[in-house]
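Below is one structure, written out as structure tokens; the observations come after it.
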Amino acid sequence: MANSTKMWTLNSGVQVPMVGLGTWKSNPGEVAEAVKSAIDAGYRNIDAAWIYGNEKEVGDGLKAKFDDKTITREDVFITTKLWNTFHREDLVDKTLRDSLNNLRLEYVDLYLMHWPMAYKEDGDKFPKDENGKFIYSDVDYMETWKAMEKCVEKGLTKHIGLSNCNSQQLQRVIDEGTIKPAMLQIEINPYVANEKLVEFCLERGVAVTGYSPLGSPDRPWAKPEDPTLLEEPAILEIAKRVNKTVAQVVLRWHLQRNIIVIPKSVTPARIKANAELFDFELTEEDMKTIYGFKCNFRVCSLDWVKDHKYWPFNIPF
């Protein structure tokens, strides 16, 4: 796999591989092996998060590959994320150090604010009242960002960025922060193409990573009536013509839009296949066909917290 030769240059000048391994929904018993398989297949970009509950296993997989000399720490770009209950300034450094301890690393390459919404601190990771409603914190995400900037100064992370933010939130961080976000990670797939937000980011030198690029068919809250991206006849037709899988076609669609992708898998054959994206191209017509599915069907909209003042989906992009 020639994954390591396809890179995106961040606004710092550092390069990041355009295909990475996602670990959301990977079970603790499986994710260490997935990380090892990915690194053996040539992946040099691993995406993690505190809230996924599997950072320790990601760390186990990385350590195994450091120990057997497959890679050095400098060879791999590692991302993790700050959860919503740790937005308060005094909790940010501590939480990143907790993630580093889990991952067995001295630093991460990228630390993302997982969502702009803060939840109540010092308790459950999904704090709810007696009626099952989420309990919020008043912390402004700019307070969180400034604490994340200090983590860069301390060498705990090389870059910082945002996830699940809209254009206004991103612009505010650019305007009011000292360090420009290196990355915005958002849900992107043919059902939610996010064209305007992607363009907005790239115009401002902010790289874009698309999560759930295959529509996250294994999401826990999927309903039987939900559309299924990997079964769309028009994409199946393109895949047949180019002699690739539907997943490979959809991932290639992202790459041709200058979007980094982090498909999740724990199956070695699929992990390998998900990165075999550089020996074919989609035509302009293919790209238009895949764009044509957009129906704004979000896998991860967190509708249950839409009354939070920083819920990001209240504006078009």
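Please read all numbers here as calculations on a predicted model, not as lab measurements. FYI, side chains are in, hydrogens and waters are out, and symmetry mates aren't considered; it's all heavy atoms of this structure.
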Quick one: do [X] and [Y] make a salt bridge, cutoff under 4.0 Å?
| X | Y | result |
| --- | --- | --- |
| K133 | D129 | no |
| R88 | D122 | yes |
| D279 | K244 | yes |
| D109 | R73 | yes |

Contact between [X] and [Y] at the side-chain level, heavy atoms closer than 4.5 Å - yes or no?
| X | Y | answer |
| --- | --- | --- |
| L110 | M183 | yes |
| Y136 | M117 | no |
| K288 | E284 | yes |
| V242 | Q248 | no |
| V173 | M142 | yes |
| N274 | S265 | yes |
| R298 | N194 | yes |
| I71 | F66 | yes |

Please check if atom [atom1] in [X] has more than 12 non-hydrogen atoms from other residues, nucleotides or ligands closer than 6.0 Å.
| X | atom1 | value |
| --- | --- | --- |
| D67 | CG | yes |
| K240 | NZ | no |
| K180 | NZ | yes |
| N243 | CG | no |

Closest approach of [X] and [Y], non-hydrogen atoms and distance?
| X | Y | answer |
| --- | --- | --- |
| I188 | V208 | CD1-CG1, 3.7 Å |
| V249 | L282 | O-CD1, 3.6 Å |
| E55 | L103 | O-CD2, 3.5 Å |
| R257 | L202 | O-CD1, 4.2 Å |
| A49 | T80 | CA-OG1, 3.3 Å |
| G205 | N11 | O-ND2, 3.0 Å |

Would you please say whether a donor-acceptor pair under 3.5 Å links the side chains of [X] and [Y]?
| X | Y | result |
| --- | --- | --- |
| E57 | Y52 | no |
| Y310 | N84 | no |
| H87 | S137 | no |

Salt bridge (charged side-chain N to carboxylate O under 4.0 Å, His left out) involving R241 - partner list, sequence neighbours excluded: D286

Residue from N102, T95, D98 passing side-chain hydrogen bond (donor to acceptor under 3.5 Å, both in side chains) with W50: D98

side-chain contact (heavy atoms from CB on, under 4.5 Å) between R104 and D60, worked out: CA-CA 8 Å; R104 305 197 208 181; D60 290 343; 2.4 Å; yes

Residues which pass side-chain contact (heavy atoms from CB on, under 4.5 Å) with K94, listed by chain and number, not counting sequence neighbours: none

For D175, all residues meeting side-chain contact (heavy atoms from CB on, under 4.5 Å), sequence neighbours excluded: Q171

Plane angle bin for F313 and W311 - parallel if under 30°, tilted between 30 and 60°, otherwise perpendicular: perpendicular

Sidechain-backbone polar pair: [X] side chain, [Y] backbone, donor-acceptor under 3.5 Å:
| X | Y | result |
| --- | --- | --- |
| E89 | E143 | no |
| N54 | S26 | yes |
| T23 | D47 | yes |

Listed once per pair and sorted, the salt bridge (charged side-chain N to carboxylate O under 4.0 Å, His left out) pairs that draw on residues 183-210, sequence neighbours left out: E195-K294

Inter- and intrachain pairs under salt bridge (charged side-chain N to carboxylate O under 4.0 Å, His left out), touching residues 13-42, at least two apart: K25-D218, E33-K36, D40-K65

K264 and W24: CA distance, side-chain angles, deciding distance, side-chain contact (heavy atoms from CB on, under 4.5 Å) verdict: CA-CA 7 Å; K264 168 258 171 183; W24 177 41; 5.7 Å; no

side-chain contact (heavy atoms from CB on, under 4.5 Å) between Y211 and V299, worked out: CA-CA 10 Å; Y211 72 78; V299 164; over 6 Å; no

Test log, rule side chain to side chain donor-acceptor pair (under 3.5 Å), inputs Q168 and R172: CA-CA 6 Å; Q168 290 177 2; R172 183 178 172 220; over 6 Å; no

Residues Y141, W115; criterion ring pair (Phe, Tyr, Trp, His ring centres under 6.0 Å); working and verdict: CA-CA 9 Å; Y141 57 86; W115 289 86; over 10 Å; no

Steps toward side-chain contact (heavy atoms from CB on, under 4.5 Å) verdict (R97, K154): CA-CA 11 Å; R97 289 178 192 273; K154 292 171 188 169; 4.0 Å; yes

For Y119, ring pair (Phe, Tyr, Trp, His ring centres under 6.0 Å) partners two or more places apart: W83, F134

I46, T157, L156, T79 screened by side-chain contact (heavy atoms from CB on, under 4.5 Å) with V108, the one that passes: T157

